[in-house]
There are 2 protein chains.
Amino acid sequence: MNTTQRTDQQTSADRRRRELLEAADRVVLRDGPHASMNAIAAEAGITKPILYRHFGDKGGLYAALAVRHTDALLASLRAALDAPAERRQRVESTLDTYLAAIEARPQVYRFLMHPAEGAGTPGDQSEQGFDVGKHSAPLLRRMGEELAQVIEERLDVGPGTQQLARVWGHGIVGMMHAAGDWWLGERPCPREELVRTLADLLWGRLAEAGDKAGGPGF
Amino acid sequence: MNTTQRTDQQTSADRRRRELLEAADRVVLRDGPHASMNAIAAEAGITKPILYRHFGDKGGLYAALAVRHTDALLASLRAALDAPAERRQRVESTLDTYLAAIEARPQVYRFLMHPAEGAGTPGDQSEQGFDVGKHSAPLLRRMGEELAQVIEERLDVGPGTQQLARVWGHGIVGMMHAAGDWWLGERPCPREELVRTLADLLWGRLAEAGDKAGGPGF
DNA sequence: CAATGCATGTTACTTGCGGTAACCCCGAGT
DNA sequence: ACTCGGGGTTACCGCAAGTAACATGCATTG
């Protein structure tokens, strides 16, 4: 019937799509985010137009790829965030999970952080609006929103919690990201130490610290 | 003589370079970071090869442009950080300076945050090493390092201050950046409120907050 | 069984951009 | 008069995104 037919097509198309994504993944992880559509098609054993039929344009393909990895990472972060333990313990665990992930697979990290690639299209009109605010990688956005959600659900900070939760969510995620990026580049200390230091920052040690003698203070 | 000759040439070349940068600035601020070399050359009233003679490649031009703006922004941040006031006041003032800057000229912001553009070069060898850790925009790197410097110079937190200062420097800058980016996109609240909320986060209000009734706590 | 779809795949093209080679022109110095 | 070097141009290469038009295999339908 029509339904089974459609279902068959659907599943077949979906399977194909998944295979293509696997191939794209391999290439991107091997060649970096600037892998060409030709290269990806070759890896998949086919040619360009098929990719375009499935994903519309390069942005579509990359978005699909990114969603896969983002979902996976977010799931493990959520697990760390949901574990039964003290708040400090949970924050550290979440930081550690994120850092362990980007440490274990830096290429995935590199790819996920790569911004939208919005250019390249000849008659590109979408760029004239200057998508300010959409600069950050979607992963960061999503992490920020998720964390905001968690904060808002579980934390009690009087009125204005919602706004505050979102600010903190994005802020904390940004802190984690920037520190992680720097750390990944220089590897100045073991992971646990970084985790502890960041947690200390969130726990207000900046405010408690004393001024160094002689200076104007900080 | 040789010296005056060299000086004349130098200054002339420098003046030209400055003019070209002005033109590039106009175009980039008008068309976004994806402005083509042709467009920039046209705006400057000349043609591509001259740009390449002066800046080597597109990366060179963009780097030169970025340095100009980055220097300017860093100077005003340093001023806010150096003002004579309480620590909290100074932190808020610095945050506000940054946010005011990106609010006033989002296009500059957008350009500065744009990553290195490392691709495009045909025989590109630098990409194979996967410059992980160099993902962040140079501006963020520099801000992180500067802040780390300031923290290390003025704050007293026992042994291991140096490491801690760098972690915090990059972390705080990342927080500021991410929150700013999100805020710029959604404008959910006035600037002062954002500043206060972020400062609260740094002041440990996250640790102090109570759990909401019913949940597993956070 | 032919005939019609229709998804799947290919070749070959266009457009646009980064980057370069080769040539051009004009004013200064000998 | 001549060449020499800085500033400039045209015309090109290579490459990657994206598309049009054509080919093929496998089901359903008259």
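Only this structure's heavy atoms are used, side chains among them; waters, hydrogens and symmetry mates stay out. Here is how names work: the chains are called A, B, and so on, in the same order as the sequence lines, proteins then strands, and each is numbered from 1.
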Could you tell me which residues satisfy side chain to side chain donor-acceptor pair (under 3.5 Å) with [X], sequence neighbours excluded, listed by chain and number?
X	value
R196(A)	none
D200(A)	R88(A), R205(A)
E152(B)	none
E153(A)	none

Pick base, sugar-phosphate or nothing for R16(B), based on heavy-atom distances below 4.0 Å to the nucleic acid. sugar-phosphate

Name the nucleic acid region contacted by S36(A), choosing base, sugar-phosphate or nothing; use a 4.0 angstrom heavy-atom cut-off, strictly under. sugar-phosphate

Could you tell me which residues satisfy salt bridge (charged side-chain N to carboxylate O under 4.0 Å, His left out) with [X], sequence neighbours excluded, listed by chain and number?
X	answer
R105(A)	none
R18(A)	none
R16(B)	E19(B)
E145(B)	R166(B)

Sub-4.0 Å heavy-atom contacts from residues 17-26 of chain A onto DNA chain C, ordered by number: none

F111(B) and H69(B) aromatic ring geometry - parallel, tilted or perpendicular at 30°/60° bounds: perpendicular

Check whether any side-chain N or O of T47(A) sits under 4.0 Å from OP1 or OP2 of dT10(C), and answer yes or no. yes

Can you tell me which nucleotide in dT9(D), dG18(D), dT10(C) comes closest to the side chain of I50(B)? dT9(D)

Donor-acceptor contacts, no H, no angles, side chain residues 45-53 of chain B, under 3.5 Å, sequence neighbours left out:
none

Report for the helix from dC1(C)-dG30(D) to dT30(C)-dA1(D): angle between first-end and last-end helix axes, five pairs each, rounded to 10 degrees. 30°

Pairs: protein N or O with nucleotides 26-28 of chain C N or O, under 3.5 Å:
none

